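Everything below concerns the one structure shown next.
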Amino acid sequence: MPSEDAIVSTQVSLHDKSSNSSRSSSSNNDNSKVKAVYSTHSVLEGVHSLESIESASFDPESNIREDLKRDLSPRHINMISIAGVIGTGLYLSTSKSLHVGGPASLFMNYSIFGGVVYLTMMCLGEMSTYMPISGSFCSYAKKFGSESFACALMWNYWFNDAVSVASDLTALQLVLDYWKTKDHHFPYWAASLLFWVFVLLLNVISVRLYGEAEYWLALLKVIAIIIFFILSIVVNVGHNPEHKYIGFHNWNHGDAPFVNGFKGFASLFVSASFAYGGTESITLTNGEATNPVRNTPKVIKTVFWRILIFYVFSAFFIAMNVPYDYPGLATKSVMTSPFTIVFQMAGSKGAGSFMNAVIMTSVISACNHALFAGSRVMYNMSLDGYLPKWVTKTNRYKAPYVAVAITWAVGGLCFGASFIGAGTVWIWLQNIVGVSNQIAWLCIAITSIRFRRGLELQGKTHELKFKNWTYPWGPYFLVVFVSFVILIQGWSAFDPWSTSNFFSVYLELFVFPACYLIWWLYKRDKFIKYEDMDFVTDKYIPSKKVNELNERLDNLKGWPKWRQYMSDYFF
């Protein structure tokens, strides 16, 4: 039996050949492109079944505006979804979080925000399976919200990703500082610049090259975290420098388990959001994923286990083994990353160097993914009319090189600010990205509510391939809880008053409304009515061949099923 990749690749290849001339001509003539979309819209509205679609000789993706290549295999998507976004937040920010809030605050915050991200991904999975496009929730905000709402979200999230590129490049200097000696004076900023150019090449050439790089880097992170869990248990039961059983002793040590009370607990909201940030951006790969109708729900269904294993378990083992007052824990240095500390406790300097090398590759991976996500958001900003049309230009591999280059350059400019002081700037960037992530989750919840209401009013709920089982309470809970968190997380900036901390936490609350207001003054638009929502343009309708493939894969049993499962993740 041919593999899933082979069949879908053949289908995509045939589609590319058949539609290449029409797409290239439409890119030179906006009027003909608009006519083609409306023509497809009419055809789709008159079709009521998959069989009639197949008999109507039309391109299943002709109503999708994007001109990107579906070249990310299930293996790429699954591994990126598992560990692709794990990076500086989990490895570096947990140290200061532990010091400021204590072990219980750290563990509870990661658990709470794990639940928030899970509910967010359920909302997003429902929409992105229905319309698997690279704009994802940013484009949905326009289709099911308003132009001004989408404009604010797109600029906010693009800025988030551009700043994330800078944040990761800055964090890379902190990682390299681990190997610093008196005789070693290598300029770490130069290494960051080298990796800055490296991630550009990964993104501007071909999406498959990006996917392949992310696959291996994510696999390394998975292996390293599993090793970390094993060593954490070994350290806890007595194999540590003191040769004593630790257990939950650190939870009763000093001011633990809650350090600085509610003030300390609330201050961890931003860092936890920063660590989880990017989880929602996995759906931005949908516009370039093969067989998204089958693979997107699979990715979403693994979110719960991914959050539990990689984030909550990591926070649990860190809180058990590392005391909140560990020397230098509050310093802006990777030398006191809880992951590195545990490895050192279990072995030697060499063990710590191994973990630090893993952290370095994770930072590069996170930077790579941030550039990918930001460029796809910018590409869709151009499609939706927020930027000039030339930003949508793609190369022969269908990679949006203009959007990649602009996002890359802005990330580099933000990185230039690190010369003020890598540690100080990194904390600022971390806070900005963390709040930006929260705003994105809030907007996804609002969009999800409107999406479902529109479907219900137009009688199209039955068309959903994947349903959010938490609706309606899940999205409404997100709106209330995330709004509450955004407002109170800067508690520590008021007592004592800190202008720097205030703006690092609340800066995004000024940027988002400003973007909304500017576009609203220009367009004077309103939120689209439920009965006027467009559920046709950008909707993905799989071909007969893909449907037959999915049916065959769903009916696999025994060894063929396990072989396909291994193929989806590892081969």
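Owing to the predicted nature of the structure, the values given are computational and were not obtained by experimental measurement.
Closest approach of I486 and Q438 over heavy atoms only: CG1-OE1, 3.5 Å. In terms of heavy-atom proximity, V165 sits nearest to L371 at CG2-N, 3.8 Å. Here the shortest heavy-atom pairing between A171 and V363 reads CB-CG1, 4.5 Å. Contact between E126 and N468 at its shortest, heavy atoms only, is OE2-N, 2.8 Å. Listed here is the closest heavy atom pair of L72 and V207: CD2-O, 3.4 Å. Taking both residues in full, the closest heavy atoms of G145 and R450 are given as CA-NE, 3.8 Å, listed atom of the first, atom of the second, then distance.
Considering V402, T394, V391 as possible partners of Y379, the one that fulfils the side chain to side chain contact (heavy atoms under 4.5 Å, CB included) test is T394. Among F503, F502, F510, the single residue meeting the ring-ring contact (aromatic ring centres under 6.0 Å, His included) criterion with Y506 is F502. Exactly one residue among F343, F339, F274, F310 makes a ring-ring contact (aromatic ring centres under 6.0 Å, His included) with Y91. That residue is F339.
The closest donor-acceptor contact from the side chain of S436 to the backbone of I432 lies at 3.5 Å or more, if one exists at all. Of the possible polar contacts, one joining the T361 side chain to the V358 backbone as a donor-acceptor pair under 3.5 Å is found. At least one donor-acceptor pair under 3.5 Å links the side chain of N356 to the backbone N or O of V175. Between the side chain of S167 and the backbone N or O of V163 there is no donor-acceptor pair closer than 3.5 Å. Of the possible donor and acceptor atoms, none in the side chain of N160 sits under 3.5 Å from a partner among the backbone N and O of N156.
In the displayed structure, F198 atom CZ is contacted under 6.0 Å by at most 12 heavy atoms of other residues, nucleotides or ligands. By the neighbour-count criterion of 12 heavy atoms within 6.0 Å, atom NZ of K465 is sparsely surrounded, having that number or fewer from other residues, nucleotides or ligands.
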Could you go through the side chain to side chain contact (heavy atoms under 4.5 Å, CB included) check for M378 and V404 one step at a time?
CA-CA 8 Å; M378 174 165 277; V404 170; over 6 Å; no
Working for ring-ring contact (aromatic ring centres under 6.0 Å, His included), residues F317 and F229
CA-CA 7 Å; F317 284 122; F229 291 162; 5.3 Å; yes
For a salt bridge (Lys or Arg N to Asp or Glu O under 4.0 Å) check, start with the C-alpha distance between D554 and R294, then their side-chain angles and the critical distance, and finish with the verdict.
CA-CA 9 Å; D554 290 338; R294 172 181 169 79; 2.6 Å; yes
Could you give me the CA-CA distance, side-chain angles and deciding distance for I439 and L509, then say whether side chain to side chain contact (heavy atoms under 4.5 Å, CB included) is met?
CA-CA 9 Å; I439 292 175; L509 297 189; 4.2 Å; yes
Could you give me the CA-CA distance, side-chain angles and deciding distance for V116 and L478, then say whether side chain to side chain contact (heavy atoms under 4.5 Å, CB included) is met?
CA-CA 7 Å; V116 169; L478 284 175; 3.7 Å; yes
Determine, step by step, whether F466 and I300 satisfy the side chain to side chain contact (heavy atoms under 4.5 Å, CB included) criterion, reporting the C-alpha distance in whole Å, the side-chain angles of both residues, the deciding distance to 0.1 Å, and the verdict.
CA-CA 10 Å; F466 174 80; I300 299 301; 3.7 Å; yes
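In this structure, the ring of Y516 has its center no less than 6.0 angstrom from the ring center of F149. Checked against a 6.0 Å centroid threshold, the rings of F144 and F535 count as neighbours. Ring to ring, Y311 and Y276 are close: their centroids are under 6.0 angstrom apart. In this structure, the ring of F269 has its center less than 6.0 angstrom from the ring center of F265. A ring-centre distance under 6.0 Å is found for Y386 and W519.
D161 places none of its side-chain heavy atoms less than 4.5 Å from the side chain of F372. F415 has its side chain within reach of T170: a pair of non-hydrogen atoms, C-beta onward, lies under 4.5 Å apart. At a threshold of 4.5 Å between non-hydrogen side-chain atoms, the residues I446 and W441 do not count as touching. With a 4.5 Å cut-off on side-chain heavy atoms, L220 and W216 do not count as touching. Between R376 and P400, the closest side-chain pair of non-hydrogen atoms falls below 4.5 Å. Inter-residue side-chain proximity for L90 and Y110 is flagged as met; some heavy-atom pair is nearer than 4.5 Å. When side chains are defined from C-beta on, M533 does not count as touching L455, because their heavy atoms never get closer than 4.5 Å. Inter-residue side-chain proximity for M122 and L119 is flagged as unmet; no heavy-atom pair is nearer than 4.5 Å.
For the atom pair OG of S136 and CG of N380, the computed distance is 9.0 Å after rounding to the nearest 0.5 Å. Here F313 contributes atom CZ and F316 contributes atom CZ; the two are 8.5 Å apart, rounded to the nearest 0.5 Å. The SG atom of C123 sits 9.5 Å away from the OH atom of Y471 when rounded to the nearest 0.5 Å. Atom OH of residue Y140 and atom CG of residue D538 lie 8.5 Å apart, to the nearest 0.5 angstrom. The distance from atom CG of L413 to atom CH2 of W408, rounded to the nearest 0.5 Å, is 9.5 Å. Atom OG of S362 and atom CG of L217 lie 8.0 Å apart (nearest 0.5 Å).
Remark: the Q489 side chain and the S267 side chain contain no N/O donor-acceptor pair separated by less than 3.5 Å. Under the 3.5 Å distance criterion, with hydrogens and angles disregarded, no donor-acceptor pair is assigned to the side chains of N437 and S273. A donor atom on one side chain and an acceptor atom on the other are not found under 3.5 Å apart for H76 and Y210. One side chain, S271 or S97, offers a donor N or O that lies under 3.5 Å from an acceptor on the other. A donor-acceptor pair shorter than 3.5 Å cannot be found between the side chains of D168 and S164. A donor and an acceptor atom, one from each side chain of D534 and T537, are located under 3.5 Å apart.
Relative orientation of the F484 and F481 rings is tilted, given thresholds of 30° and 60° on the angle between their planes.
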